[in-house]
Amino acid sequence: MKTRIGVLTSGGDCPGLNAVLRGVVLAAEKLGWEVIGFKDGFEGLLPPGDYCILDRKSTDGIMALGGTMIGTTNRGHFIAKIGAGDRAVVAENVIADAKKVLVDLNVKALIIVGGDGSMVTALQLQEAGINCIGVPKTIDNDLEATAMTFGFDSAVDVVMDALDRLHTTATSHKRVMVVEVMGRHAGWIALHGGIAGGADVILIPEIPFDYDRIAAAVKARDAAGDLGTLVVVAEGAKPRDGQQIKRETHGGEFKLGGIGEIVAGEIAKRTGKETRACVLGHLQRGGAPTTLDRILGTRFGVKAVQLANEGHFGSMVSYQNYQVRHVPIADAVNRLRLVPPNGEMVQTARDVDISFGD
Ligand code: F6P
């Protein structure tokens, strides 16, 4: 009988997931292994098991597609992380049921493609005796122990494209355009997307802002004869004396969003300028992956199979110094990787006249 491994994609989807699945399948088939894809994240592990066999044929041509061919969820029975850092525990009976499904299907190892919450669950499964390998995924790029996650570059590309488009309309109308982007508690998408798209103001959670400072930056552009102003605001950004804006809360978990409209209103009030807000939302998670995400996803998928073959269970694929390596999953879940407020990227942005509203 062939050696079998399982793979699942968990948490919010992002471009590049299918590249990972294809990489896993092709590398596993080279070893003579069979790959089972569990559907809709960890939920596919619930008895009797919801899965499909992934092979060369079924994964052919999927790399260019966004989303994940086996589905995903950021809800359900396996949520092990809520809010900004609080841990929940996956119920013991749920873990035991999942283990039985894997044993019955003769699955030797489980490759878990997900973000920080999924890695916390992976750790719990590993502790329960299930051989797990993690693959870091998230558009937010906020996972510790890896310099980059796949999905991030594609999301940044969407922000850059949006800013390019908004630049012309902002200029034509001499308006301020405020663009709200994703990223949860990290400002990576706003920072990279903002620099690439020529933003004038970037607001990120790591640097609390002051509305008067933002208004001053807009007025300074006006005084210099600059026609429009582009403001990128991360969904997790907050004023110095204020709170993050939550658009939805349930079961201890919350979704961020809504700060863009508020920032636009405050700018209009303080500057008298016509100001419009635009929320990019899930556009940032859709569409074809960029070249970088296709390559990174493929490398991550192949590395995960190598790690399973070498018995490095409990480890996560990690990107460091242009090399794909591995680290203990535990190293990735202790805290979020945030933008260093005094780091080189922020300084570069400041040097090209970008204001952080501070
Ligand atoms: O973690 C990825 C992410 O897209 C965040 O940037 C965002 O806050 C969240 O997921 C949105 O989640 P949902 O798809 O449940 O609205």
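Just so you know, ligand 1 is whichever comes first in the structure, and atom 1 is the first atom listed for that ligand.
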Original post:
At the 4.0 Å heavy-atom cut-off, does Gly183 count as touching ligand 1?
Top reply: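 Within the 4.0 Å threshold, so yes.
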Please write down residue, atom name and distance for the protein heavy atom closest to [atom].
atom: atom 13 (P) of ligand 1; result: His282 NE2, 3.6 Å
atom: atom 1 (O) of ligand 1; result: Asp140 OD2, 2.7 Å
atom: atom 3 (C) of ligand 1; result: Arg285 NH1, 3.5 Å

Subject >> Candidate with minimal heavy-atom separation from atom 7 (C) of ligand 1, of His185, Lys255, Gln284, Glu235 >> reply: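 Considering heavy atoms of His185, Lys255, Gln284, Glu235, the nearest to atom 7 (C) of ligand 1 sits in Glu235.
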[X] with [Y]: basic N within carboxylate O range, under 4.0 Å:
X: Asp358; Y: Arg213; value: no
X: Glu266; Y: Arg270; value: yes
X: Asp293; Y: Lys137; value: no

Subject >> Structural part of Arg247 in contact with ligand 1, heavy atom criterion under 4.0 angstrom >> reply: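 Side chain only; the backbone of Arg247 stays clear of ligand 1.
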Subject >> Proximity of Ile189 to ligand 1 by residue part, where a heavy atom lies under 4.0 Å >> reply: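 It is neither; nothing of Ile189 touches ligand 1.
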Subject >> Distance-only polar pair, side chains of Glu274 and His173, donor-acceptor under 3.5 Å >> reply: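 Their side chains do not contain a donor-acceptor pair, so the 3.5 Å distance test is not met.
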Subject >> Exercise: do His185 and Gln244 side chains pair donor with acceptor under 3.5 Å >> reply: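 Distance-only check passes for His185 and Gln244.
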**OP:** Could you tell me whether Arg75 and ligand 1 have an N or O pair separated by under 3.5 Å?
**Re:**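 No; every N/O pair is 3.5 Å or more apart.
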**OP:** Would you check whether Leu256 has a nitrogen or oxygen atom less than 3.5 angstrom from a nitrogen or oxygen atom of ligand 1?
**Re:**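 No - when backbone and side-chain N and O of Leu256 are compared with those of ligand 1, no distance drops under 3.5 Å.
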**OP:** Give the C-alpha distance, both sets of side-chain angles, the deciding distance and a yes or no for side-chain hydrogen bond (donor to acceptor under 3.5 Å, both in side chains) between Asp40 and Thr73.
**Re:** CA-CA 6 Å; Asp40 302 333; Thr73 179; over 6 Å; no
